[in-house]
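What follows is a short report on a single structure.
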Amino acid sequence: MSVDDLLREIDAAADPATAETLARYFQVKPGGYGEGDQMIGVKLSTLRLILKPYLRAELPLPAIEEALASPIHEHRLAILCLLADRAARAAKPRTANPAELTAIYDLYLRNTKYIDNWDLVDCSAPEIVGAQLLDHPRDPLYQLIASSNLWERRIALVATYKLIRKGETADTFALAASVLDDREDLIHKASGWMLREAGKHTAPAELLAFLDQHATRMPRTMLRYAIERLPAETRKHYLHLGK
């Protein structure tokens, strides 16, 4: 069982009609955020079934890193799901392996140019970047959020989901405040999503305080995502304040 075997199984599941649908959905078109990517037409649910026997195979990280440079979107998605699962196991107390988690994290940040769509970010950033930074300084999040690369900024935001689930929300609020003027809708969605999760799981009062301070500047999409779980009258209040 090897990385090449995994990629061959993914290729065998390719479907041209599904590829066309996925290409539209992920904007693989001139001027789209996924421009230039290659879809072969394998849904995430199918990828996860193919991946299942490979998750405990301890495939070598150099071969995994090489596969992450594949031009095929589904190859990269499968590799990132595999790495996220492996990082999650390395972070669990029963199977803790800090050296493994650090190696995966370092591999991930070396290869952000291949993590270039929202599904690739969202399936991997919490378990790889978020888990690593639970016990380390958070400076990398602020370096990523300052990047000119849309996907690195989204990695910074979505990585905080892991921190939120551990009761730590300060970085989520700080990062969200730093992207109030971001031009990308996918950043508005990610920051609003993380704000919503912070308010829902850990810090409802802090979310309201953030909204009181920033609602008038928040992009509409960010605001709508952030207030989604609030009571109707509260949502109405903040929508009235927003842009």
Side-chain angles (χ1 to χ4, degrees), residues 1-28 33-34 36-134 151-152 154-155 158-159 161-162 165 190 193:
M1 189 173 286
S2 68
V3 173
D4 286 341
D5 293 333
L6 170 61
L7 300 186
R8 280 192 288 268
E9 286 197 51
I10 295 169
D11 290 342
D15 177 70
T18 301
E20 290 184 10
T21 301
L22 292 174
R24 288 192 299 271
Y25 187 64
F26 290 104
Q27 295 196 26
V28 182
Y33 55 74
D37 208 349
Q38 297 181 35
M39 300 282 183
I40 61 172
V42 186
K43 295 179 180 178
L44 178 59
S45 56
T46 303
L47 283 178
R48 290 198 181 279
L49 287 174
I50 294 170
L51 266 175
K52 195 169 183 180
Y54 291 87
L55 296 178
R56 302 295 189 274
E58 299 301 323
L59 300 174
L61 287 179
I64 290 172
E65 184 167 11
E66 183 178 352
L68 189 54
S70 170
I72 295 172
H73 184 95
E74 290 91 338
H75 288 178
R76 301 197 306 281
L77 180 57
I79 290 297
L80 288 165
C81 289
L82 187 154
L83 284 172
D85 180 84
R86 194 156 158 177
R89 284 185 284 116
K92 286 181 179 178
R94 287 184 303 165
T95 53
N97 188 338
E100 167 97 331
L101 180 57
T102 297
I104 293 169
Y105 168 82
D106 289 342
L107 182 161
Y108 189 86
L109 291 188
R110 282 197 303 270
N111 290 279
T112 55
K113 64 182 177 181
Y114 304 118
I115 307 168
D116 57 357
N117 214 312
W118 61 263
D119 60 329
L120 304 178
V121 171
D122 296 359
C123 78
S124 58
E127 294 299 345
I128 297 175
V129 178
Q132 172 71 4
L133 296 183
L134 275 170
W151 307 115
E152 291 189 345
R154 188 170 174 109
I155 287 169
V158 177
Y161 185 68
K162 188 72 172 183
R165 299 294 295 194
W193 170 26

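Predicted, not measured: the structure shown is a model, and the values here were computed from it.
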Side-chain heavy atoms of Leu22 within contact of Val28, under 4.5 Å: no
Nearest-0.5 Å distance, NZ of residue Lys92 to CG of residue Asn97: 14.0 Å
Contacts of type side chain to side chain contact (heavy atoms under 4.5 Å, CB included), residue Gln38, not counting sequence neighbours: Pro71, Ile72
Point-to-point distance, once rounded to the nearest 0.5 Å, from CG of Leu55 to CZ of Arg48: 9.0 Å
Heavy-atom side-chain contact between Leu44 and Asp119 under 4.5 Å: no
Side chain to side chain donor-acceptor pair (under 3.5 Å) involving Thr112 - partner list, sequence neighbours excluded: Glu152
Straight-line distance of Thr102 OG1 to Leu107 CG, nearest 0.5 Å: 12.0 Å
Residues in side chain to side chain donor-acceptor pair (under 3.5 Å) contact with Asp122, at least two apart in sequence or another chain: Arg154
Ring pair (Phe, Tyr, Trp, His ring centres under 6.0 Å) contacts in which one or both residues fall within residues 65-95, not counting sequence neighbours: Phe26-His73
Pairs touching residues 65-74 that satisfy salt bridge (charged side-chain N to carboxylate O under 4.0 Å, His left out), sequence neighbours left out: Glu65-Arg110
Selection residues 76-108 - residue pairs positive for ring pair (Phe, Tyr, Trp, His ring centres under 6.0 Å), sequence neighbours left out: none
Any pair counted as salt bridge (charged side-chain N to carboxylate O under 4.0 Å, His left out), so long as it reaches residues 94-103, sequence neighbours left out: Arg86-Glu100
Option from Leu133, Leu101, Leu109, Leu83 for which side-chain contact (heavy atoms from CB on, under 4.5 Å) with Ile128 holds: Leu83
Counterpart residues, salt bridge (Lys or Arg N to Asp or Glu O under 4.0 Å), relative to Arg165 (two or more places apart): none
Those residues that, when tested against Cys123, pass side chain to side chain contact (heavy atoms under 4.5 Å, CB included) (two or more places apart): Leu77, Leu80, Cys81
Closest non-hydrogen atom pair, Val158 against Pro126: O-CG, 3.5 Å
For Asp5, all residues meeting salt bridge (Lys or Arg N to Asp or Glu O under 4.0 Å), sequence neighbours excluded: Arg8
CA sep, side-chain torsions, deciding dist, call: Leu6, Ile79, side chain to side chain contact (heavy atoms under 4.5 Å, CB included): CA-CA 9 Å; Leu6 170 61; Ile79 290 297; 4.3 Å; yes
Residues Tyr161 and Trp193: side-chain donor-acceptor under 3.5 angstrom: no
Results of side chain to side chain donor-acceptor pair (under 3.5 Å) for Tyr54 - residues two or more places apart only: Glu9
Smallest separation among heavy atoms of Ala87 and Ile104, with atom names: N-CD1, 3.8 Å
Heavy-atom pair with the smallest gap, counting every atom of Ala125 and Ile155: CB-O, 3.9 Å
Distance (rounded to the nearest 0.5 Å) between Asp4 CG and Asp11 CG: 10.5 Å
Derivation and outcome, side chain to side chain contact (heavy atoms under 4.5 Å, CB included), residues Trp151 and Val121: CA-CA 7 Å; Trp151 307 115; Val121 171; 4.2 Å; yes
For Asp15, all residues meeting side chain to side chain donor-acceptor pair (under 3.5 Å), sequence neighbours excluded: Thr18
Salt-bridge criterion met for Lys52 and Asp85 (N-O under 4.0 Å): no
Arg76 side chain to Leu120 backbone, donor-acceptor under 3.5 Å: no
